[in-house]
Amino acid sequence: MTEALRLGLNRRYGTRFEVVHAAMRPECPPGPGKRWAVVDLPEGRLALSLDRRLVLQVLDCRYGPAAVPTSDERQSRPKTSTEERLAHKLALNWLALLAQRLRDGLAPVRAEPAQAALAQPQWLGEAGEPVGAWTLELGIQEPGDAGVGSVLLLSLDEAWMHLLLERLRARRPQVLDEADSVADPLASRLPLQLQVRLLSRRLTLGEVFDLRPGSVIPVSLQGTDVLVKDVRLFTATVAEHKGKLWLTAFNDIP
């Protein structure tokens, strides 16, 4: 959508619109009087709800700023036929782009959609409800604009949503080869850092003061604790083999 804005409205009117946030929501965001432009395609239905604030900004670029002091007062003006035609055109344009992106496997946008592409969706009119259970919310704003920006909502019916998820799944990198994941069990692919507490010896304060370099503290290595991040998970027996200490006979902590 950012690329479509750059190649479309921004290039034509010298604006700097861009998508500042995107979110997929399991329900339509609340708001009074939302209207959805609905189109029908062979795969299913798509719908778009366009913030009037964005349409008015584009009109200002075409015909000059309206002589209204605040954005709220501008939006309180009655809609004109020119505004309706522009909103209709933008909705068809962006819904056609969304459909083409999904058909092409989410390929990058190289150019603004041709006018021929706009004739593909069959216009079904407006509706008060989205066509699907999930809504894609896009926040559109110009850099440095201190206002609240505009919100564009896209709704995909079940068939289009299934296609979108399939496209996204195909683009995910394959981290593990399936054959390797079967050959290598989880235990061999899950690294853990073990710490071994070999022993603890209780000494009186006097015995500590009597210690000197070279002092020998008699110890007996038998059972020991095995920890993972200071959590005691096992006990083990310390054994000596060829001058090295080894852990053997692991037992779970009851």
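For this chain, numbers begin at 1 and follow the sequence in order. As the structure is a prediction and not an experimental result, all values here were calculated from the model.
Neither Val20 nor Leu54 shares a network with the other; the hydrophobic side chains, linked directly or stepwise wherever heavy atoms of I, L, V, M, F, W or Y lie under 4.5 Å apart, form separate groups for each. Hydrophobic clustering, with ILVMFWY side chains joined whenever heavy atoms are under 4.5 angstrom apart, groups Leu163 together with Met24. Hydrophobic clustering of Ile, Leu, Val, Met, Phe, Trp and Tyr side chains at less than 4.5 Å, counting indirect connections, unites Leu245 with Phe234. By the rule that hydrophobic residues join a cluster once side-chain heavy atoms approach within less than 4.5 Å of another member, Trp246 and Val238 end up as members of separate clusters.
Counting heavy atoms from C-beta on, the side chains of Leu152 and Ser49 never come closer than 4.5 Å. In this structure, Leu98 and Leu154 have side chains that are in contact, with non-hydrogen atoms separated by less than 4.5 Å. Val226 is not listed as a side-chain neighbour of Thr235, based on a closest heavy-atom distance of 4.5 Å or more. Using a 4.5 Å cut-off on side-chain heavy atoms (C-beta onward), Leu138 and Val151 make no contact. Residues Trp94 and Leu50 have side chains in contact (heavy-atom distance under 4.5 Å, counting atoms from C-beta outward). Looking only at side-chain heavy atoms (C-beta outward), Asp157 and Leu46 stay at 4.5 Å or farther from each other. Here the side chains of Ser150 and Gln57 are in contact, with some heavy-atom distance below 4.5 Å.
With rounding to the nearest 0.5 Å, the separation of CG in Leu92 from CG in Leu48 is 9.5 Å. Taking CD of Glu83 as the reference point, atom CZ of Arg52 lies at 4.0 Å (rounded to 0.5 Å). Between atom OG1 of residue Thr82 and atom CG of residue Leu86 there is a gap of 9.0 Å, rounded to the nearest 0.5 Å. Atoms CZ and CG, on Arg16 and Leu5 in that order, are 13.5 Å from each other to the nearest 0.5 Å. In this structure, CG on Leu102 lies 12.0 Å from CD on Glu166, to the nearest 0.5 angstrom. A distance of 8.0 Å separates CG of Leu211 from CD of Glu207, quoted to the nearest 0.5 Å.
The two residues Ala249 and Thr237 have their closest heavy-atom pair at CB-OG1, 3.9 Å. For the pair Gly132 and Ser155, the tightest heavy-atom approach, listed with the atom from each and the gap, is N-OG, 3.0 Å. Scanning all heavy atoms of the two residues, the minimum distance from Val131 to Leu156 falls at CG2-C, 4.1 Å. Among all heavy-atom pairs drawn from Leu247 and Thr224, the shortest one is CD2-CG2, 3.7 Å.
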| Evaluation steps, side-chain contact (heavy atoms from CB on, under 4.5 Å), between Trp36 and Leu153 | CA-CA 9 Å; Trp36 293 85; Leu153 301 177; 3.6 Å; yes
| field | Chi angles and distances behind the side-chain contact (heavy atoms from CB on, under 4.5 Å) call for Glu142, Thr15 | value | CA-CA 8 Å; Glu142 289 189 280; Thr15 53; 3.6 Å; yes
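With respect to the salt-bridge test (charged N to carboxylate O, under 4.0 angstrom), the residues Arg232 and Asp225 qualify. Looking at Glu43 and Arg103, a side-chain N of the basic residue comes within less than 4.0 Å of a carboxylate O on the acidic one, giving a salt bridge.
In the model, Gln141 has no side-chain atom that pairs as donor or acceptor with a side-chain atom of His21 under 3.5 Å.
Scored by the salt bridge (charged side-chain N to carboxylate O under 4.0 Å, His left out) test, Asp104 finds no partners at all (sequence neighbours excluded). With sequence neighbours left out, the side-chain contact (heavy atoms from CB on, under 4.5 Å) criterion links Leu168 to Leu106, Leu164.
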